[in-house]
Number of protein chains: 4
Amino acid sequence: MQDAAQKPARTAAAGRHPPRARKSIGAVRSPETHRAILAAAADILDEVGYTGFSMEALARRANSSKPTIYRWWRNKAALIMEVYEDANEAALAGTDTGSLRGDLISRLRGLWTWWDDSWAGEALRSVIAEAQLDAATLDELRNRFIPRRSAFVRLVFDRAVARGELRDGPGVDIAVAQLVAMSWFHLLTRRLGEREAIEPHVDAVLKGLDADKAYRRPVKQKPVRGT
Amino acid sequence: MQDAAQKPARTAAAGRHPPRARKSIGAVRSPETHRAILAAAADILDEVGYTGFSMEALARRANSSKPTIYRWWRNKAALIMEVYEDANEAALAGTDTGSLRGDLISRLRGLWTWWDDSWAGEALRSVIAEAQLDAATLDELRNRFIPRRSAFVRLVFDRAVARGELRDGPGVDIAVAQLVAMSWFHLLTRRLGEREAIEPHVDAVLKGLDADKAYRRPVKQKPVRGT
Amino acid sequence: MQDAAQKPARTAAAGRHPPRARKSIGAVRSPETHRAILAAAADILDEVGYTGFSMEALARRANSSKPTIYRWWRNKAALIMEVYEDANEAALAGTDTGSLRGDLISRLRGLWTWWDDSWAGEALRSVIAEAQLDAATLDELRNRFIPRRSAFVRLVFDRAVARGELRDGPGVDIAVAQLVAMSWFHLLTRRLGEREAIEPHVDAVLKGLDADKAYRRPVKQKPVRGT
Amino acid sequence: MQDAAQKPARTAAAGRHPPRARKSIGAVRSPETHRAILAAAADILDEVGYTGFSMEALARRANSSKPTIYRWWRNKAALIMEVYEDANEAALAGTDTGSLRGDLISRLRGLWTWWDDSWAGEALRSVIAEAQLDAATLDELRNRFIPRRSAFVRLVFDRAVARGELRDGPGVDIAVAQLVAMSWFHLLTRRLGEREAIEPHVDAVLKGLDADKAYRRPVKQKPVRGT
DNA sequence: ATGTAAGCGAGACGGTACGTCAGGTCTTGTA
DNA sequence: TACAAGACCTGACGTACCGTCTCGCTTACAT
């Protein structure tokens, strides 16, 4: 997807729905419809990118309707946020390399790759862009989305703390913020391809965290998953 | 402006143009028109934010017209980029505090304040958002805009190098990137108000840069300006 | 209601249902529900007019549900037709003034007043409007509704015939049609307030009917009710 | 069209525009666009009736756009009113038969036929229906449209007055109203086919007008056109 | 007495259309 | 030839109402 986007070409795409008809299952939210919408959203982001993403196209593709979508999601951004988190939940396996440095590198590399290879990067880019246009979306992004997402990075540090590799403290929050900010920066400028930038950044962050001073000795720990 | 944004309220604003009538000055670009457009753009960003910014409103406010605007700028983003750089050129005085740490803190604090207090933050937010929708804009942003802007941060390091406070090297580029990324992160999530976050971040970055190891002794140097 | 209608104001209205809860009374149509729906329909027409009338609002107001409504009425128009006829059955007292002219004037005046003062005019307006959108409704309107309603005007003539004031004939049908058409015309253009138009119209119709030539002498007759 | 309308079938119709693209001709209303829209509206009414008439379809068919349409017409009804009047202006030739009775019959017969055979009847039906939903439209209909249209019937009477066949007076206004009302009645109930109803109606109206009493002798007069 | 069939409220659903907004292009007429 | 003006198409937005569907509950009636 990187840089490819030709605007008009994209808009045209967004495929046809199968002739199947999903109807109400009573006075209760239809999980099938819910899933179909999220899936269709992911598909569209994947195939034509955010530029070609419209609620109209989404409704058509999901074999659903605009009112149904708007019944469940405040707006485009809210929907895409859910699409993103949904997939993120399931996507990223953390590798336990035994060291904080190794874990962070592995995690960031995994994240950047996921962003770059799937529609996920498109999704997050679009959420950030929308948040610049709508205060409520920005709020949600800042107060809920980011904390949830950052937690997955934070986890890696927590593991290191448990392992005795690191002392907890405010420095850890700063380090997490640095890593997230840097990832956003690469995402928003479409430089996710520069994976070789990850290692030196992690090193700088860890040095900044003064990791070595806290070093005791590794403790056995079972791996954890997530972003 | 921080957090204030009520969408409808903003959209409504975007004031009336002064009754002045500027016309063509012949077969040459009218600098007055040019200036009026940039000024009007700044005003709108200031008063109603990016949300309320439309080319229509801009033309009206500048007492100009859409075709004239499009004659000189490729699109909305290109225009706003120029607005931003134009002002940035003139806005930031760097203080020479005698130490890299002091300079960086002063510079970042100045930048965040400028973003937060003027329309500049709005402008940059909008440029970044637009870049997510248009490949050409992203290109411009990545390949020209960011390098130019980062240079102003880089300058501070260069001065420290000249001063003998620091050895040059790839770590410096990383440090610059970290500072820029962190600033963007705060800008895009409207957390520019948290100025107290600056010091610890700078400290972390400098530790990551291993600044102390490179320390020799300060050398007199005259101040430099910019972002 | 005449002329009052401000569209958005009306749409907003359509009040809350009383907290009462009607439920099924078994495998048989609940007359209470039936009545509640017709009453709610009348209320809505009265308060917010046809413009603010929606099946959704009706169901809410009647403390019922859309499927229940659609179980018993083919569509909106069918329901409103019943509402109208239901009330009409009970509403109009014919006065026996002793003369055809007096009876017609009294009848029309009563009709126009009833239309204007109650929701009835709104109801009929909406039926006519709906009939323009749906062939089946038009059919019902033309073949059943109008004949039934016109019969009440026809009655007045029949009485005159019985009285010996008038000879029956095709002219009577024409006269009835003229009076109905004129009433519709005033209803649809919201000029029911112009009651002074009634007398001259009736006179013209009677002259057209050549009533005087048929005149014998009055015969005693007891009054009849209805439109 | 009588009764035929199958809703979904109709909606599907509404033909394809030619691939040609009409663009702005400068800061002035494009008469070509204006004409194209009115023509397309007439076509759609003709082909699929009012039920299948949508602004979307109209824009597509006229090779224009919704915003352009809404720039020039307040809403659907306003547009259709113009379509109707536009055509009416050009459509009906009055025949001068030498007698008021003959002229009226000819005029009504022409009107009913025009309504029934062209899209004009559909147009007027839809205007009347819309007027029941929107106060502004009703206003326009009552205060401007109807007086203008009625004038064409009035003309026939004026001619008779000039001819000495008739004395002017309030009775004439009533007669005009009766004829218009009756025509509407037949239009709205889709009984325009009953042309044989025209003659007796005209006779009744003329008798009601007491035309014979005013009779002097015919005066030469040149024919006039219109509804 | 109990199982069945229907009425009922709730509310989600697909669908169609509405009227609005912004972006970027086009052409005219004036200076 | 630059400019103001403003009409134009494109494409998307979010909302309203329609008539349908299914659920789970409740009750009359026939077995």
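All values below come from the heavy atoms of this structure, side chains included, with hydrogens, waters and symmetry mates left out. All chains are named by letter (A, B, ...) in the order of the sequence lines, taking the proteins before the strands, and each is independently numbered beginning at 1.
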Would you call His34(A) and Trp72(A) a side-chain contact if the rule is heavy atoms closer than 4.5 Å?
no
Taking the side chain of Asn63(A) as its heavy atoms from C-beta onward, which of dC3(F), dG15(E), dC13(E) lies nearest to it?
dG15(E)
Is there a donor-acceptor contact under 3.5 Å from the side chain of Glu140(B) to the main chain of Ala136(B)?
no
For Arg35(A), is there an ion pair with Glu32(A) - N to carboxylate O distance below 4.0 angstrom?
no
Ignoring the backbone of Ser54(B), work out which of dA22(E), dT27(E), dG11(E) is nearest its side chain.
dA22(E)
Side chain of Tyr70(D) (C-beta onward), nearest among dC8(E), dC18(E), dA5(F):
dC18(E)
For Arg29(A) and dG24(F), give me the distance from atom CZ to atom P, rounded to whole Å.
18 Å
What is the separation between atom CG on Leu133(B) and atom C1' on dA12(F), rounded to the nearest whole Å?
13 Å
Hey, are the side chains of Met81(C) and Thr137(C) touching, using non-hydrogen atoms and a 4.5 Å cut-off?
yes
Testing dC3(F), dG19(F), dA22(E) for proximity to the side chain of Lys76(B), the answer is dA22(E)
Check every atom of dA5(F), dA2(F), dG9(E) against the side chain of Ser65(C) and return the nucleotide holding the closest atom.
dG9(E)
Could you check Pro31(C) against Ile25(A) and say which one's nearest nucleotide on DNA chain E is further toward the 5' end?
Pro31(C)
Any side-chain N or O of Ser64(A) below 4.0 angstrom from OP1/OP2 of dG14(E)?
yes
Rounded distance in Å - CD (Glu32(B)) to C1' (dA31(E)):
15 Å
Rounded distance (Å) that lies between atom P of dA17(E) and atom CD1 of Ile80(D):
13 Å
Looking at Thr68(A), does any N or O in its side chain come under 4.0 Å of the phosphate oxygens OP1/OP2 on dG14(E)?
yes
So Lys66(C), base contact, sugar-phosphate only, or nothing? Heavy-atom distance under 4.0 Å.
base
Quick one: is Arg71(D) getting a side-chain N or O under 4.0 Å of the dC8(F) phosphate, OP1 or OP2?
yes
So Trp72(D), base contact, sugar-phosphate only, or nothing? Heavy-atom distance under 4.0 Å.
sugar-phosphate
5'-most contact on DNA chain F (nearest-nucleotide basis), Glu56(D) vs Ser24(D), goes to Ser24(D)
Determine whether Tyr50(B) and Leu133(A) make a side-chain contact, defined as any pair of heavy atoms from C-beta on separated by less than 4.5 Å.
yes
Nearest-nucleotide 5' precedence on DNA chain F, Pro67(C) against His34(D)
His34(D)
Whole angstrom value for the distance that separates C1' of dG23(E) from CH2 of Trp73(B):
17 Å
Please report the distance, rounded to the nearest Å, between CE in Met55(D) and C1' in dC9(F).
16 Å
Roughly how many Å is it from CD1 in Ile69(C) to C1' in dC21(F), rounded to a whole number?
16 Å
Rounded to the nearest angstrom, tell me the gap between atom CD1 in Ile37(D) and atom P in dA7(F).
13 Å
Is there a donor-acceptor pair under 3.5 Å between the side chain of Asn75(A) and the backbone N or O of Ala78(A)?
yes
